[in-house]
Amino acid sequence: MKYVTIKNSQAIEKRRDDPRVYLPTAFNPVKYGNIKWCKLSKMVETPSATYNASKEPDTVFNYIDLADIDEIDGKVINVQHKLGVEIKGAKVLLNKGDIAFARIEPSIFNKKNALITEEISPCLGSTEIFIARPKEGISSIYIHWALRGEWISDQLNPGILRGSTGRRRLKREDFSNLLIPDISIELQSKIEKIIIEGYKKRDELLMKANNEIEKAKFKLITIIEENNKN
């Protein structure tokens, strides 16, 4: 497949319905091999509805900010519990299976995005978060994985972000038009299984490593105590 680069914004606007044409200038799909691409909007909805928690001042809400997302694992590592009266202004509403995606730099380049799990759903979130809500049959885990790919960073060139340097933001339309690998639901399921098994093995290894560290600490303390007796 031949890919073309268009630098003229007017031309992009006229032809952005064609994923073969709407490619940010820094994105080189050839480096990723023979992959078929599609717009994110083919697989997800990007709801923009917000909720004003001040309507329920005495209700406790789950709340996440970008600081509550771990960029290494792509997980929510802290959930704030706030009264409606404490939450100022309208916030995005996230549900189980949604992917929270940072829309502002530097968080967008640090891969501040996370899969919303049942334990924290529903929750309110910062308006600096876009929501990717997988359509029926689409794997949430696959979408989360795809949005953490280097191909996303490659598409976030200066021409697609708006605002002052250091605090530039991605527009919702451009978020929907980001390209991700276009694969079947069957292949998505296989990728999901591999990811789940990979995290499980990693967690087991981390637990084993932590146990070994604790054993080593205990041994060192014992050596020190015996040395003090002498």
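For reference, positions follow the sequence shown, starting with 1.
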Side-chain heavy-atom pair [X], [Y] within 4.5 angstrom cut-off:
| X | Y | result |
| --- | --- | --- |
| R133 | N95 | yes |
| V85 | S54 | no |
| L170 | L178 | yes |
| E56 | Y51 | yes |
| W37 | P181 | yes |
| L156 | F109 | yes |
| I108 | F101 | yes |
| R162 | D174 | yes |

Determine the minimum heavy-atom distance between [X] and [Y], stating which atoms define it.
| X | Y | value |
| --- | --- | --- |
| L115 | S140 | CD1-CB, 3.7 Å |
| V44 | K135 | O-CE, 3.5 Å |
| A53 | F61 | CB-CE1, 3.7 Å |
| N177 | K39 | OD1-CD, 3.2 Å |
| N113 | I99 | CB-CG2, 4.5 Å |

Same cluster for [X] and [Y] if Ile/Leu/Val/Met/Phe/Trp/Tyr side chains link at under 4.5 Å?
| X | Y | answer |
| --- | --- | --- |
| M43 | I185 | yes |
| F175 | L161 | yes |
| F130 | L124 | no |
| L147 | V92 | no |
| L93 | I129 | no |

| message | What verdict does the side chain to side chain contact (heavy atoms under 4.5 Å, CB included) test give for I131 and L94, after you've listed the backbone C-alpha separation in whole Å, the side-chain angles of each residue and the deciding distance to 0.1 Å? | response | CA-CA 7 Å; I131 300 172; L94 299 123; 3.8 Å; yes

Can a donor-acceptor pair be found, under 3.5 Å and without considering hydrogens, that links the side chain of [X] to the backbone of [Y]?
| X | Y | value |
| --- | --- | --- |
| K112 | L66 | yes |
| E128 | I104 | no |
| D65 | A67 | no |
| D98 | I116 | no |
| Q155 | W151 | yes |
| R148 | A114 | no |

| field | Partners meeting side-chain contact (heavy atoms from CB on, under 4.5 Å) with I77 (sequence neighbours left out) | value | D70

| Pick from E192, K193, Q188: which one makes a side chain to side chain donor-acceptor pair (under 3.5 Å) with S139? | E192

From [X] [atom1] over to [Y] [atom2], what is the distance, rounded to the nearest 0.5 angstrom?
| X | Y | atom1 | atom2 | result |
| --- | --- | --- | --- | --- |
| T59 | I87 | OG1 | CD1 | 10.0 Å |
| S126 | Y63 | OG | OH | 5.0 Å |
| I141 | I194 | CD1 | CD1 | 12.0 Å |
| I143 | L40 | CD1 | CG | 6.0 Å |
| S176 | E45 | OG | CD | 9.0 Å |
| I120 | N62 | CD1 | CG | 7.0 Å |

| field | side chain to side chain contact (heavy atoms under 4.5 Å, CB included) between K82 and V60, worked out | value | CA-CA 5 Å; K82 292 187 173 185; V60 177; over 6 Å; no

